[in-house]
Amino acid sequence: MQIIDPRSGKPLTADTGTTDAAAPNAEQAAVRPEDVIIELNAGNIQQVLEASMQVPVLLGCYSPSNASSSTLLTVLEKLVVEYAGAFLLGKLDIEANPEIGGQLGVRSVPDVKLISQGGLVDGFQGALPEKEVREWLNRYFPAPGEAPPTPEEQAEEALKSGDTAAAREIYQTLMGQYPEHYAYQVAFARVLLAEGKGNEARDVLDNLPPEERDAAPARGVRASIEFSEQALSAEEIAALGDRTDSEAQYQRALRQVADGHYDEGLEALLALMKQDRAYNDDAARKTLLQVFDALGADHPLTVAYRRKLFAMLY
């Protein structure tokens, strides 16, 4: 087996297999999976660890009988090619190599370890989704220049463009692959809401574990469901005509929020709060806080309008 440095196309180690295997050309444009992925065993693991003195090695410890580790391994195999030479991927089947797994301190799979200069740099356990694996890798390696969109990014783009069917299919796949990654269930509920299926979205949220059900992302989707249920229809809004009273202003703002026009809705709620703070038991301020919850604490609109709200109150 010959280990190739994908960055230069030159061998890192001597070939321990057939002698007529041709090394990749240094000008070769694409990195081939066989150049950067090695199936580890007792006969080659020491050689691979020695190779980490020149190029980092990602050890992916898995079990063929463990579905989640197989899922993660598929992600790692994709990314090692995409990162085109930043690291090698060593795959270790701990069922076939229990002694090596024990020596590496592997207690459960999937288990990923980053080895560089012969030493452990970092690692993680569990089947992280592709997006989180990328974030972890980017702590140590430059992100690929033209990385394809992640499934999460594809789903969000589909949702923005109104293709809820595509977004729903992606999140259903992700939920099947990562059943304990509850962010996908929250996102799926958001897609159902976009399809006008508020009751189904609420059912998804209600079936989350308590700590996830009460967390900010789920609360935000639940708030969006409530906006949709409370808001007047487009026809009813049109029937308000030129009314400028507080009730009409509030209903228009609520419809804007329910339709996802958060900036216009927030501005209208803030204006109503300035004009008529007492309206409907301080409804404008309470709804502002609900919108912040729906958007999330780090959303730019939340940050901006929290400042405006604070300045008005204090």
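Residues take their numbers from the sequence shown, with the count starting at 1.
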*Asks:* Looking at Gly118, is its backbone amide N or carbonyl O close enough to the side chain of Ser52 to form a donor-acceptor pair, meaning the two atoms are under 3.5 Å apart?
*Replies:*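 Yes: the side chain of Ser52 pairs with the backbone of Gly118.
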
*Asks:* Nearest 0.5 Å, what's the CD-CG distance between Glu157 and Leu159?
*Replies:*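 So the CD of Glu157 and the CG of Leu159 are separated by 10.0 Å.
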
*Asks:* With a 4.5 Å heavy-atom cut-off, do Tyr62 and Pro110 have their side chains touching?
*Replies:*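 Answer no - side chains too far apart.
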
*Asks:* A side-chain contact here means heavy atoms from C-beta on lying under 4.5 Å apart; do Leu88 and Val48 qualify?
*Replies:*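 No, too far: nothing below the 4.5 Å cut-off.
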
*Asks:* Would you call Asp206 and Arg222 a salt bridge, taking side-chain N to carboxylate O under 4.0 Å as the test?
*Replies:*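 Arg222 and Asp206: salt-bridged.
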
*Asks:* Quick check: closest heavy atoms across Ile100 and Asn41, and the distance to 0.1 Å?
*Replies:*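 Minimum heavy-atom separation between Ile100 and Asn41: CD1-C, 3.7 Å.
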
*Asks:* With no hydrogens and no angle check, do the side chains of Ser68 and Asn66 hold a donor and an acceptor under 3.5 Å apart?
*Replies:*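 There is such a pair (donor and acceptor under 3.5 Å, judged by atom type) between the side chains of Ser68 and Asn66.
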
*Asks:* Short question: side chain of Asp276, backbone of Leu272 - any donor-acceptor pair under 3.5 Å?
*Replies:*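 Between the backbone of Leu272 and the side chain of Asp276 there is no qualifying donor-acceptor contact (under 3.5 Å).
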
*Asks:* Let me check something: any side-chain donor-acceptor pairs from residues 296-309 under 3.5 Å, sequence neighbours excluded? List them with distances.
*Replies:*
from   : atom 1 : to     : atom 2 : distance (Å)
His299 : ND1    : Leu301 : N      : 3.0
Thr302 : OG1    : Gly296 : O      : 2.9
Tyr305 : OH     : Glu267 : OE1    : 2.4

*Asks:* Are Arg190 and Glu195 within salt-bridge range, i.e. N to O under 4.0 Å?
*Replies:*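 Here Arg190 does not pair with Glu195 in a salt bridge, since their nearest N and O are not under 4.0 Å apart.
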
*Asks:* Answer whether the closest heavy-atom distance between the side chains of Tyr182 and Pro209 falls below 4.5 Å.
*Replies:*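 Side chain of Tyr182 against side chain of Pro209, heavy atoms only: contact under 4.5 Å found.
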
*Asks:* Please determine, by modelled atom types, if Tyr171 and Gln185 share a side-chain donor-acceptor pair under 3.5 angstrom.
*Replies:*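 Per modelled atom types, Tyr171 and Gln185 side chains form no pair under 3.5 Å.
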
*Asks:* Within the 4.5 Å heavy-atom criterion, are His261 and Arg255 side-chain neighbours or not?
*Replies:*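 No - every pair of side-chain heavy atoms lies 4.5 Å or more apart.
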
*Asks:* Which of parallel (below 30°), tilted (30 to 60°) and perpendicular (above 60°) describes Tyr279 and Tyr250?
*Replies:*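 Taking Tyr250 first and then Tyr279, their aromatic rings sit tilted (interplane angle of 30° to 60°).
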
*Asks:* What distance do Gln177 atom CD and Thr71 atom OG1 have between them, rounded to the nearest 0.5 Å?
*Replies:*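 Reported value, rounded in 0.5 Å steps: 5.5 Å.
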
*Asks:* Spell out, as yes or no, whether a donor-acceptor pair under 3.5 Å connects the side chain of Glu264 to the backbone of Gln256.
*Replies:*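 No: the side chain of Glu264 does not pair with the backbone of Gln256.
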
*Asks:* Should the pair Phe141 and Tyr83 be assigned to parallel (<30°), tilted (30 to 60°) or perpendicular (>60°) ring geometry?
*Replies:*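 Taking Tyr83 first and then Phe141, their aromatic rings stand perpendicular (interplane angle over 60°).
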
*Asks:* Quick one: does Val106's side chain get under 4.5 Å of Lys113's, heavy atoms only?
*Replies:*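 The answer is yes, as the side chains (C-beta and beyond) meet within the 4.5 Å cut-off.
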
*Asks:* Side chains of Val112 and Asp122, heavy atoms from C-beta outward: is any pair under 4.5 Å?
*Replies:*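 No. Closest side-chain heavy atoms not under 4.5 Å.
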
*Asks:* Tell me if a side-chain donor or acceptor on Asp245 pairs with a main-chain N or O of Ala248 at a distance below 3.5 Å.
*Replies:*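 Yes: the side chain of Asp245 pairs with the backbone of Ala248.
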
*Asks:* If you group Ile, Leu, Val, Met, Phe, Trp and Tyr by side-chain heavy-atom gaps below 4.5 Å, do Val57 and Leu72 land in one group?
*Replies:*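 Val57 and Leu72: one cluster.
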
*Asks:* What distance separates Leu192 CG from Asp203 CG, expressed to the nearest 0.5 Å?
*Replies:*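 So the CG of Leu192 and the CG of Asp203 are separated by 9.5 Å.
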
*Asks:* Please check if any side-chain donor atom of Glu99 sits under 3.5 Å from a side-chain acceptor atom of Gln103, or the reverse.
*Replies:*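 Not at all, the side chains of Glu99 and Gln103 share no donor-acceptor pair under 3.5 Å.
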
*Asks:* Would you sort out whether Leu137 and Arg134 count as a side chain to side chain contact (heavy atoms under 4.5 Å, CB included), showing the intermediate values?
*Replies:* CA-CA 5 Å; Leu137 287 172; Arg134 286 181 183 276; 5.7 Å; no

*Asks:* Crowded around Glu169 CD? As in, over 12 foreign heavy atoms under 6.0 Å?
*Replies:*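 Not buried by this count: 12 neighbours or fewer within 6.0 Å.
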
*Asks:* Do Leu205 and Phe188 sit in one hydrophobic cluster, given that two such residues count as connected whenever their side-chain heavy atoms are within less than 4.5 Å of each other, even indirectly?
*Replies:*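 No, it is not one cluster - the side chains of Leu205 and Phe188 are not joined through contacts under 4.5 Å.
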
*Asks:* Can you name the nearest heavy-atom pair linking Ser116 to Pro56, along with the distance?
*Replies:*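 Taking every non-hydrogen atom into account, OG-CG, 4.2 Å.
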
*Asks:* Any chance you could measure Gln249, atom CD, to Leu254, atom CG, to the nearest 0.5 Å?
*Replies:*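 Those atoms lie 13.5 Å apart.
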
*Asks:* Which of parallel (below 30°), tilted (30 to 60°) and perpendicular (above 60°) describes Phe310 and Tyr314?
*Replies:*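 Correct class here is tilted.
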
*Asks:* Could you check Leu270 against Met312 for side chain to side chain contact (heavy atoms under 4.5 Å, CB included), going step by step and ending with a plain yes or no?
*Replies:* CA-CA 9 Å; Leu270 199 66; Met312 183 185 299; 3.6 Å; yes

*Asks:* Please report the closest heavy-atom contact between Gln275 and Ser246, naming both atoms and the distance.
*Replies:*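 Between these two residues, the closest heavy atoms are NE2-OG, 4.0 Å.
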
*Asks:* Under 3.5 Å, side-chain donor or acceptor atoms of residues 89-96 against the rest of the protein: list the pairs with distances, not counting sequence neighbours.
*Replies:*
from  : atom 1 : to    : atom 2 : distance (Å)
Lys91 : NZ     : Glu77 : OE2    : 2.8
Asp93 : OD1    : Glu95 : N      : 2.9
Asp93 : OD1    : Ala96 : N      : 3.4
Glu95 : OE2    : Ser63 : OG     : 2.3
Glu95 : OE2    : Ser65 : OG     : 2.4

*Asks:* Which heavy atom of Thr164 sits nearest to which heavy atom of Ala194, and what is that distance?
*Replies:*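 Here Thr164 and Ala194 meet closest at CG2-CB, 4.0 Å.
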
*Asks:* Are Val133 and Ile37 connected in a single hydrophobic cluster, I mean Ile/Leu/Val/Met/Phe/Trp/Tyr linked by side-chain heavy atoms less than 4.5 Å apart?
*Replies:*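 Yes, because Ile37 and Val133 connect within a single hydrophobic cluster, where side-chain heavy atoms sit under 4.5 Å apart.
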
*Asks:* Are Glu226 and Arg219 close enough for a salt bridge, meaning some N to O gap below 4.0 Å?
*Replies:*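 Salt bridge: no.
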
*Asks:* Taking atom types as modelled, find out whether Thr150 and Glu130 have a side-chain donor-acceptor pair closer than 3.5 angstrom.
*Replies:*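 Looking only at side-chain atoms, Glu130 and Thr150 do not form any donor-acceptor pair under 3.5 Å.
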
*Asks:* Any ion pair linking Lys286 and Asp281 (charged N to carboxylate O, less than 4.0 Å)?
*Replies:*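 Salt bridge between Asp281 and Lys286, a charged N being under 4.0 Å from a carboxylate O: yes.
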
*Asks:* Measure the CD-CG distance between Gln290 and Leu295 for me, rounded to the nearest 0.5 Å.
*Replies:*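 Between Gln290 CD and Leu295 CG, I get 12.0 Å after rounding to 0.5 Å.
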
*Asks:* On a heavy-atom basis, which atom in Leu73 and which in Gly60 lie closest, and how many Å separate them?
*Replies:*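 Reported closest heavy-atom pair: CD1-O, 4.3 Å.
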
*Asks:* Give the intermediate values and the outcome of side chain to side chain contact (heavy atoms under 4.5 Å, CB included) for residues Val36 and Phe87.
*Replies:* CA-CA 8 Å; Val36 290; Phe87 58 90; over 6 Å; no

*Asks:* Quick check: are there more than 12 heavy atoms from other residues, nucleotides or ligands sitting under 6.0 Å from CD of Glu180?
*Replies:*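 Atom CD in Glu180 is not packed in, count stays at 12 or less.
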
*Asks:* The test is side-chain hydrogen bond (donor to acceptor under 3.5 Å, both in side chains); show your working for Gln172 and Tyr184 and say whether it passes.
*Replies:* CA-CA 8 Å; Gln172 285 175 324; Tyr184 293 140; over 6 Å; no

*Asks:* Show the nearest heavy-atom pair for residues Arg202 and Ile225, with the distance to one decimal.
*Replies:*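 Residues Arg202 and Ile225, closest heavy atoms: NH2-CG2, 3.2 Å.
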
*Asks:* Within a strict 4.5 Å, meaning less than it, do heavy atoms of the Asp282 and Arg277 side chains meet?
*Replies:*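 Yes, at least one pair of side-chain atoms sits under 4.5 Å.
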
*Asks:* Hydrogens and angles aside, do Ser233 and Glu236 bring a side-chain donor and acceptor to less than 3.5 Å of each other?
*Replies:*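 The answer is yes; a qualifying pair exists.
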
*Asks:* With a 4.5 Å cut-off on side-chain heavy atoms, are Asp111 and Phe124 touching?
*Replies:*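 Not touching, per the 4.5 Å side-chain cut-off.
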
*Asks:* Just wondering, are more than 12 heavy atoms of other shown residues or ligands nearer than 6.0 Å to CZ in Arg107?
*Replies:*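 At most 12 heavy atoms, drawn from other residues, nucleotides or ligands, come within 6.0 Å of this atom.
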
*Asks:* Under a single-linkage definition using a 4.5 Å side-chain heavy-atom cutoff for Ile, Leu, Val, Met, Phe, Trp and Tyr, are Ile38 and Ile115 assigned to the same hydrophobic cluster?
*Replies:*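 Result: yes, single cluster for both.
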
*Asks:* Would Leu59 and Leu40 satisfy side chain to side chain contact (heavy atoms under 4.5 Å, CB included), going step by step from the backbone distance to the final call?
*Replies:* CA-CA 9 Å; Leu59 295 182; Leu40 298 178; 3.4 Å; yes

*Asks:* Does atom NZ of Lys160 have more than 12 heavy-atom neighbours, drawn from other residues, nucleotides or ligands, at distances under 6.0 Å?
*Replies:*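 12 or below, so no.
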
*Asks:* Going only through I, L, V, M, F, W and Y residues with side-chain contacts under 4.5 Å, is there a path from Leu174 to Leu193?
*Replies:*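 In one cluster: no.
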
